[in-house]
Protein chains: 2
Amino acid sequence: MKDIEKEIMNFALKLAQSSPKNEIPVGCVIADSKGKIISYANNSTLKKNDPTAHAEIIAIRKACKKLKTSKLLDFSIFVTLEPCKMCEAAILQSGIKKVFFGAYSDYFRIFKEKKKNYDSENRGYQYYGGIKEKECSNLIRNFFKSKR
Amino acid sequence: MKDIEKEIMNFALKLAQSSPKNEIPVGCVIADSKGKIISYANNSTLKKNDPTAHAEIIAIRKACKKLKTSKLLDFSIFVTLEPCKMCEAAILQSGIKKVFFGAYSDYFRIFKEKKKNYDSENRGYQYYGGIKEKECSNLIRNFFKSKR
């Protein structure tokens, strides 16, 4: 992993840490192949009254709007939590080429068996999971603990 | 299938038929349990520069915005084409309880093996596929034929 990619992941984590109250704390950043940040977002399903307003979906929509395109070929997405099925499919639709994520989700488990792998696996993108895993998963875990 | 549900599906088909040029012709309607239409949309990925702007996603977002909620429990979604993985997951996220769709997709095949079934199948919603199948699938087929 490149230094610039680590920095971007740190930024995604900071976004997640500054999530609005009651929203599941997830941060997402989209960057171009040189590491230039194009868009970023928090999970905002409650604030926006929108069940599709996961951090990844918002970041993809923002990036496409900014670049006036419906395809994000040659871009990378950084997200603090393993994408859910909806977001994974949206990433695929968008044509994003690299997926970096932090915490593995016991619930989604799309990537569980490929831990810390970095491969295309016929998915249409390469991915790398478990980055800053402890910080990212503690954030989620503490959120749900506080809700119980 | 109730008469009101057939009528709503007809409306979804009309939406699909009036799709903007170059957009994959898909129409989607969300209605409450009494058949009152809450929102509707066309597929608009090109027009909106948004790879997530499938008809279902837009209709879900509109309905939630209108009703000021992030959950659509007790609502039904009517769509002229079998939902893709992204939309299927979004439907699940939204809590929608019934899914009616027209054409089966050879590409997605989420529901292919359950043709004309109507069951929850642990998906969290009931579904009914193949409604006005011929009209819905001809529309899609002719669109792609014209693109070749």
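Below, chain A is the first sequence line, B the second, and so on; all start at residue 1.
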Rounded to the nearest 0.5 Å, what separates atom CE in A/M86 from atom CG in B/L92?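 One gets 10.5 Å once the value is rounded to the nearest 0.5 Å.
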
Take a 6.0 Å sphere around NZ of B/K71 and say whether it holds more than 12 heavy atoms from other residues, nucleotides or ligands.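 More than 12 heavy atoms, drawn from other residues, nucleotides or ligands, come within 6.0 Å of this atom.
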
Atom NZ of B/K134: over 12 foreign heavy atoms under 6.0 Å: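 Check fails, neighbour count at 12 or below.
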
A/T52, A/T69, A/T45: which one forms the most heavy-atom pairs within less than 4.5 Å of chain B?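 Between A/T52, A/T69, A/T45, the count favours A/T69.
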
Checking A/K65 against chain B: side chain, backbone, both or neither under 4.5 Å from a heavy atom?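 Backbone only.
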
Under a 4.5 Å heavy-atom cut-off, does chain A meet the side chain of B/S94, its backbone, both or neither?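 Contact with chain A: backbone and side chain both.
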
Between [X] and [Y], is there shared hydrophobic-cluster membership here, with clusters defined by ILVMFWY side-chain heavy atoms closer than 4.5 Å?
| X | Y | answer |
| --- | --- | --- |
| A/F11 | A/L13 | no |
| B/I96 | B/F101 | yes |
| B/L67 | B/I58 | no |
| B/L46 | B/L139 | no |

Which residue out of B/R61, B/K48, B/K62 racks up the most heavy-atom pairs below 4.5 Å with chain A?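 Winner by heavy-atom pair count: B/R61.
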
Looking only at non-hydrogen atoms, find the nearest pair between B/P51 and A/I60 and report the distance.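 Between these two residues, the closest heavy atoms are CG-CG2, 3.6 Å.
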
If I compare all heavy atoms of A/D50 with all of B/S70, which pair ends up nearest, and what's the gap?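 Minimum heavy-atom contact is N-CB, 3.9 Å.
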
